[in-house]
Structure formats: structure tokens, C-alpha cells
Amino acid sequence: MGPSVRRENEMKKLWGGRFKAELHETAKRFSYSLVVDHELLGADIKVSMAHALMLGKVGIISEREAKSLVKGLWRVLASIKKKTLCDLLHDYEDIHTLIQSELEKKVGKLARKLHTGRSRNDLVTTSTRIYLKEKITTVLETLNQFQSALVTQAEKNRNIMIPGYTHLQRAQVVLLSHLLLAYVEMLERDKSRLLDAQKRMNECPLGSGALAGSSLPLNRGYVSKLLGFDRPTANSLDAVSDRDYVIEVISSISIVFMHLSRFCEDLILWNSQEFGFIALDDQYSTGSSLMPHKKNPDMLELIRGKSGEVYGNLMSVLVTMKGLPLAYNRDMQEDKRSLFASLRILLDTLTVLNGTVRTIRVDQAACEQASKDSFLFATDLLEYLVKKKVPFLEAHQIVGALVRHALDSHTTLGGLPFEIYQKYSRVFKKDVFDLFDPRVSISSKVSLGSPKPELVVKQIRLWKERLKAEAKRLKQAHHRGQ
Ligand code: ARG
């Protein structure tokens, strides 16, 4: 009997008592999920250990048996880690089946007691939650590091001014650091969404059985506590059949990608010859196969492009779930491909983007040149008049007319002579020309949240403290395995 045939027999004995025939080869290939859910190995072992300890504690098995199962599971973990996935893929239905079979090799018949009082339905959702709780902490740490990279650049370039844009038209002067901090704010909300999802999924489904709980005296509170959950889930049908937490995570990741994709778009524009505000490092740029002069921002374009895959993953799980009657249906197995892929893409993206941002060189001269465009100060002119009690709409008309005049005379706002200003409004004094200075423009801002240099410097300081404290908290959470 070859190893593969032997394994098949073990499998049949595992869950296939009622069947006469083996699953058809094509059906196997179609339905087996180890290629995806091997990712749950560590989590699934942890959950099984807690379950074994609980079975021992309530006397369903002896304490000695529980200990042997736990020991065996440690050995299973080590031995599966050593194997190559390819050798296992066609012989085991999923990670739970693989662990069960391996355990039997380590501890013999005792292994058959492990699955007492549980089903793969409550097991898979418990393991996925355990996996996710930890993974979210990793994602939060990585997001935090990326925010720090943005803050570092903001601090380094705190004196650099650039035009801010609306409709991709030059609008008003801002500080480059203010713009970078805008993304830090967005990412902070992204983190809070993930944290929120992490909190909400922190209930333990194990003990819900296939769908209707168990007649065995399981201690669900104990398992929940061992696994670091807040509490056991309250309804067995809900516990085994919802994947809202998976959807929450992928949708939070989708929103992260919406932000990252916009950031990449900003960088791509700034890195173009047309803007020239920044230069990407060679390490994060690529050449063209035909045009030798090209240095392309491919990493940023790929991030923008990969957002599409993440949104697709979100749609995929939403559509998979929407028509399912309670409780478990096999369709739900498909959630993990989308979930793991989204997490992987996000972590890879953040690693690349972190490096890209940390190595950006800012072209101060180009930024200065662009910030001198005197049309950027039209709004300052308007507020100049308003400060001198000219009604807002009237002031708007006056400055609009000046802009028209400048364009018709092929000059700039700053290039118009004082007489012309006077022609449109007597309120203008000679000091109006002081306004055509980007530094004056941003320094004149008084509203909270504006790019006034003192306010931005304060924000940089606050973010540095906040991100440092958060990094510390996340490190501790990681140590606790959460
Ligand atoms: N591989 C399955 C999944 O990920 C595990 C649960 C199987 N349950 C079942 N009733 N076939 O959903």
C-alpha cells in the first residue's frame, strides 16, 4: 500500500463512514482547499489545543489524554511545517483534516477524541478569527510604520511649499508636509476601522458545533478565555454561518487601498516632468524596454492597479454570502482565498510604499517655482478685501475681474500695475503686492487645520508622539499574541 493510498483510507475513516465510494478525483481537486487554508495552520493548532484542554477539564476525556493531545499537536505543528505543501495538496481536504490525520500518526487512536463536541464549521470560523486577530495587529503595525515614513518626510521637508490643487488646477499654496499629513489622517481612520473589526470579531464560536451546539457538557467560556476572546458567541447558528468579519476586514482594506491609490496618483504626478516636484529613487523605479531615457514609477502604478484586485475580493465575498440560507454552506470556503490575498497584497504594498516614500527626493527649486504662480494668491486678494469690509461676493467679483484683466493682457496677477488694482477697487493699497509670496500666504492662515507653518509643525510633533505610543502598544499586543 503506497503512502497516498494509506492516507486515502485514513481520510475515509475520518469523515466518510456513510460512503461506499471515494470522492471522484475531479471532485477532490475541485473542492479541496488546503492550497489556501494551510495559512490557518498555527491558528487551527492553537484552537485544537484549547479544545483538548477544555475536554480534559470537563471530564469528557481524561486530563492525561488532554495533555497527550496537546503534546501531539505541538509535534504535528513541527512536522507539517517541515513538509512541502505540494506533497499534501491532493491527499487532504483541508487544514483541519490534515492536522487530524497527522495527529493520529503521532498519538494513535487517542487523536479520534479530539473532534468531540465540535465540527469543522465552528472550528474553521474560530481559527479564521484567531488568525485574523493576530494578522490585523501586523497590518496595524505596518500601517503605523508607513505613517511614520510620511511624518518623517513631512518633518524633513517642513519648509517646502507647493501649489495645492482642486480639479487638478492650481488652487492655493500649501505646505508639502500638510499634504503628507493629510494621508496620515486618512490612514489613522483606516487603522481605527480595522481595530474596530478586530474588536467585533473577538467572540469565540467554538462549541457551536455544526449549527446547533452540543449535548456534551462543553465549557465554552473556558475555551474562549484560553484563546484570548472576550466571550463565547451567543447564537450557534450565527456563529457558524456569518462571515461579516471577513467582509469588514476586506472592506477596511479596500478603503486603505482607495487612500493608497490616491497617494500613488499624487506621487506619479509629482514625479512627472510636468510637475517635477519629486524624484523617485532608482530602487523603486523601472526602465522602458524601448525608450532608454525613461524612468517609470511602476511600483506606484502597480499599487494603483492592485486596488482593483482588492475591490474584486470584497465583491467576491459579498456575492458569495448574499444568497446563503442559514447555517453553514460550503460556498463559504471561498472566503479565505479573497481574505488571504487581500491581506498579502496590503502587506506587500505597504512594504514597497514605505521604501518608496523614505527614499523620495524633493526638488525644492521646482516646488518654489510652482508656488510663485501669482494666480495661487487670488483667494488671498479676496480675503484682503473682505478684511477691509468689502462684502464677500463683491470682493469675488473684483478679484475675478482682475484675473480676467491679467489673462487678457497676457500677464499674471502680480504683474498688473497698481493703477489697475485701483481701477477695480479703491480699497487696494500698495501693500497688496506683499501678498504675492507663498510664505506670506500660508503664514496668514489662522483657521484650525490650515497649512500655517506653526500649526503644521505642531501636528508633526503630535503625530510623532502618537505613532510612537501606538507602535509600543501594538508591539505589546503582538507579544500577547493578539
Ligand atoms: N474547508 C471548510 C471551509 O473552509 C471547512 C468546513 C467544512 N465543513 C463542511 N461541512 N464541509 O469552509
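Both ligands and their constituent atoms are indexed starting at 1 by order of listing. Start at 1 with the first residue, then count along the sequence.
For the pair Y328 and L211, the minimum side-chain heavy-atom distance is 4.5 Å or more. Residues M299 and T286 are in side-chain contact: their nearest non-hydrogen atoms beyond the backbone lie under 4.5 Å apart.
Side chains of Q153 and S177: a donor-acceptor N/O pair is absent below 3.5 angstrom, by distance only.
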For ligand 1, run through the N/O pairs with the protein that fall under 3.5 Å and put one pair on each line.
from	atom 1	to	atom 2	distance (Å)
ligand 1	1 (N)	D94	OD2	3.1
ligand 1	1 (N)	Q333	OE1	2.9
ligand 1	4 (O)	K336	NZ	2.7
ligand 1	8 (N)	N121	OD1	2.9
ligand 1	10 (N)	N121	OD1	3.2
ligand 1	12 (O)	Y328	OH	2.4

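Exactly one residue among R129, R200, K199 makes a salt bridge (charged side-chain N to carboxylate O under 4.0 Å, His left out) with E248. That residue is R200.
Taking the six-membered ring where the residue is Trp, F275 and Y165 present tilted rings, their angle falling between 30° and 60°.
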* Quick one: do Y245 and T125 satisfy side-chain hydrogen bond (donor to acceptor under 3.5 Å, both in side chains)? Show the steps, please. => CA-CA 10 Å; Y245 61 97; T125 186; 2.7 Å; yes
